[in-house]
Amino acid sequence: MNEKRIKVLHIVESFSSGTFDFIRELISEMQEFDHIVIHGIREDTPPDYEKLIKATKFIRIKNFQRDVNFVKDFFALIELIRILKNFTKENLIIHLHSSKAGFLGRVAAKLLKLDNFVIYTSHGASFLRKDVSFFKRSIYVLLEKVVTVCGGVVVACSESEADEFKKYGIDAIWINNGVKDYSNILEEKFKKEENKKIIIGNCGRIVHQKNPKLFNFIAQKFTKNDEIEFLWIGDGPLREELSSPNIKITGWISQEEAIEYLYRYVDIYLSTSLWEGLPLTVLQAMSLKKPLVLHRCVGNVDLVYEGINGFIFDDEKKAVSAINFLIENSDARISYGVNSYNIYLEKFNICKMITKYKELYRLLLSTGNEEGNKNTSLKNLNE
């Protein structure tokens, strides 16, 4: 008799951007499980998402939306409970993604006595946001603390993000995000091009989190040098903040095209982000042997080994200094890039991430209500 397949319910409100890419890759690499995606829709959710994600089934929650709205959140919770009622505990994992699903999903699972099989991956905790007031961030912290009574394993995307949870007395483990290694494929597809200019690049949505204003300010410091160019791979509502004449913007392109741009044109990867979980685009840059110049924030600090594969900066002055160093030292650009790749292989490749999540899934299924055994085994995941 064939062993029953594990059923994984992925519940996600923020069905776009990095969270979308994470779920797509996770499901793609775990095809031995059945995956059901219970999701909301955002304005930037890819229209062909059902083709991009190899899930068994998709179920939409109409009342899922980003900001706290007690009426809509209540109705989203009711929708979620009705959906979860159709599933039994047997071979079931409930994997929650990002803060809204993390809160409502844990409440629903607790009410239905499914809480021993819940994982919550934060993808950049809401209380890290810098685009909301201190009061709102305090509310987000309170909600995260309150919902811990509903159980579930909190999984941060990086060690620094796990530390932020622990600062508020919330137990969390971490499983580093990981990405695929496209370097060999791209080396075969494209002959390495000698760019006439040195290009400093970033990749992602042009939104407050990514701090395009700071990226623009840094670029302005190089406008007198015709041999230096800045590139933003992506698009977004704050596009107009990238007004420096030496910045080019690709506009919306596919993930595959974005990775090709990173490989072919970017010499130095610059992130000006205000907060992260563990940014997939920086991991992709590392997998493509790029030296890093990253703004100090949660997530970014896990990726730079100062003076080995790049630099962390707190202000634009250090950012400009780091970029100038890499511009003037071609050997350093190459060696730092190789070091980025080696660090990626050791800590941030997708195989390591998938292995850890499979281990966690099977751990929850095997321990069930045995809290003591579960807690001991969870600690071992980060050793």
Side-chain angles (χ1 to χ4, degrees), residues 130 158-160 194-204 206 208-234 241-249 258 261-344 346-348:
K130 307 294 184 186
S158 63
E159 186 173 3
S160 63
E194 290 296 330
N195 298 328
K196 292 181 180 180
K197 296 183 177 182
I198 292 177
I199 299 178
I200 295 95
N202 190 2
C203 183
I206 310 174
H208 184 83
Q209 178 192 0
K210 304 301 181 181
N211 203 0
K213 188 175 291 185
L214 178 57
F215 188 90
N216 190 73
F217 186 85
I218 293 168
Q220 287 175 332
K221 300 297 181 181
F222 295 88
T223 52
K224 294 181 181 179
N225 190 337
D226 293 336
E227 301 303 311
I228 308 301
E229 189 173 280
F230 285 72
L231 175 68
W232 192 295
I233 303 169
E241 291 190 0
L242 299 174
S243 58
S244 185
N246 58 347
I247 298 177
K248 290 186 177 180
I249 304 171
Y261 265 84
L262 268 176
Y263 174 76
R264 297 177 68 186
Y265 303 121
V266 174
D267 298 291
I268 300 166
Y269 193 91
L270 170 65
S271 167
T272 51
S273 291
L274 294 169
W275 76 93
E276 295 283 0
L278 193 70
L280 298 181
T281 52
V282 181
L283 298 184
Q284 286 159 354
M286 293 173 72
S287 76
L288 299 175
K289 302 178 182 177
K290 307 300 179 183
L292 308 177
V293 179
L294 310 184
H295 185 245
R296 187 185 301 278
C297 70
V298 172
N300 276 357
V301 297
D302 298 81
L303 301 176
V304 170
Y305 290 64
E306 191 82 13
I308 295 174
N309 72 321
F311 301 94
I312 283 281
F313 66 92
D314 297 288
D315 55 52
E316 63 277 1
K317 185 177 179 181
K318 185 173 179 183
V320 170
S321 175
I323 292 170
N324 273 324
F325 171 81
L326 291 169
I327 289 171
E328 294 164 5
N329 294 274
S330 59
D331 289 343
R333 286 203 307 275
I334 294 169
S335 64
Y336 281 30
V338 170
N339 291 338
S340 277
Y341 182 70
N342 290 334
I343 293 166
Y344 151 76
E346 181 185 352
K347 299 182 68 175
F348 305 110

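This one's a predicted model, so the numbers in the text were calculated from it and none came from an experiment. Just the heavy atoms: all of them, side chains too, but no hydrogens, waters or symmetry mates, feed the values below.
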Measuring from [X]:[atom1] to [Y]:[atom2], what's the distance to the nearest 0.5 Å?
X: Lys248; Y: Leu231; atom1: NZ; atom2: CG; answer: 8.5 Å
X: Lys289; Y: Asn309; atom1: NZ; atom2: CG; answer: 14.0 Å
X: Asn300; Y: Ser160; atom1: CG; atom2: OG; answer: 8.5 Å
X: Arg296; Y: Ile312; atom1: CZ; atom2: CD1; answer: 6.0 Å
X: Leu283; Y: Ile343; atom1: CG; atom2: CD1; answer: 11.5 Å
X: Glu241; Y: Leu214; atom1: CD; atom2: CG; answer: 11.0 Å

Checklist entry - So with a 6.0 Å cut-off around NZ of Lys221, is the heavy-atom count from everything else above 12? => result no
How far apart are the closest heavy atoms of [X] and [Y], and which atoms are they?
X: Asp267; Y: Lys197; value: OD2-O, 3.6 Å
X: Ile249; Y: Gly234; value: CG2-O, 3.3 Å
X: Lys290; Y: Leu262; value: CE-O, 3.0 Å
X: Ile206; Y: Trp232; value: CG1-NE1, 3.3 Å
X: Asn339; Y: Ile308; value: ND2-O, 2.7 Å
X: Pro279; Y: Gly299; value: CD-C, 4.1 Å

Item to check | Matching residue for Tyr269 among Pro291, Ser340, Cys203 - test: side-chain contact (heavy atoms from CB on, under 4.5 Å) | outcome: Cys203
Checklist entry - After noting the C-alpha distance and the side-chain angles of Glu276 and Gln209, does the key distance pass the side-chain contact (heavy atoms from CB on, under 4.5 Å) rule? => result CA-CA 8 Å; Glu276 295 283 0; Gln209 178 192 0; 3.4 Å; yes
Is any side-chain heavy atom of [X] closer than 4.5 Å to a side-chain heavy atom of [Y]?
X: Ile247; Y: Phe215; result: yes
X: Phe313; Y: Leu270; result: yes
X: Ser273; Y: Asn202; result: no
X: Glu227; Y: Ile198; result: no
X: Ser243; Y: Asn216; result: yes
X: Val266; Y: Ile233; result: yes
X: Tyr344; Y: Leu288; result: no
X: Asn246; Y: Phe230; result: yes

Check: residues 323-334 side-chain donor-acceptor pairs under 3.5 Å, at least two apart:
unit_1, atom_1, unit_2, atom_2, d
Asn324, ND2, Val320, O, 3.3
Asn329, ND2, Phe325, O, 2.7
Arg333, NH1, Leu326, O, 2.7
Arg333, NH1, Ile327, O, 3.0

Next on the checklist: Please check: side-chain N/O of Ser287 versus main-chain N/O of Gln284, any donor-acceptor pairing under 3.5 Å?
Outcome noted: yes
Next on the checklist: Would the distance check show the side chain of Ser271 and the main-chain N or O of His295 forming a donor-acceptor pair, the cut-off being under 3.5 Å?
Outcome noted: no
Next on the checklist: Applying side-chain contact (heavy atoms from CB on, under 4.5 Å), can you list everything that pairs with Lys317, at least two apart in sequence or on another chain?
Outcome noted: Asp315
Item to check | Audit row: Met286, Tyr341, side-chain contact (heavy atoms from CB on, under 4.5 Å) steps and yes/no | outcome: CA-CA 5 Å; Met286 293 173 72; Tyr341 182 70; over 6 Å; no
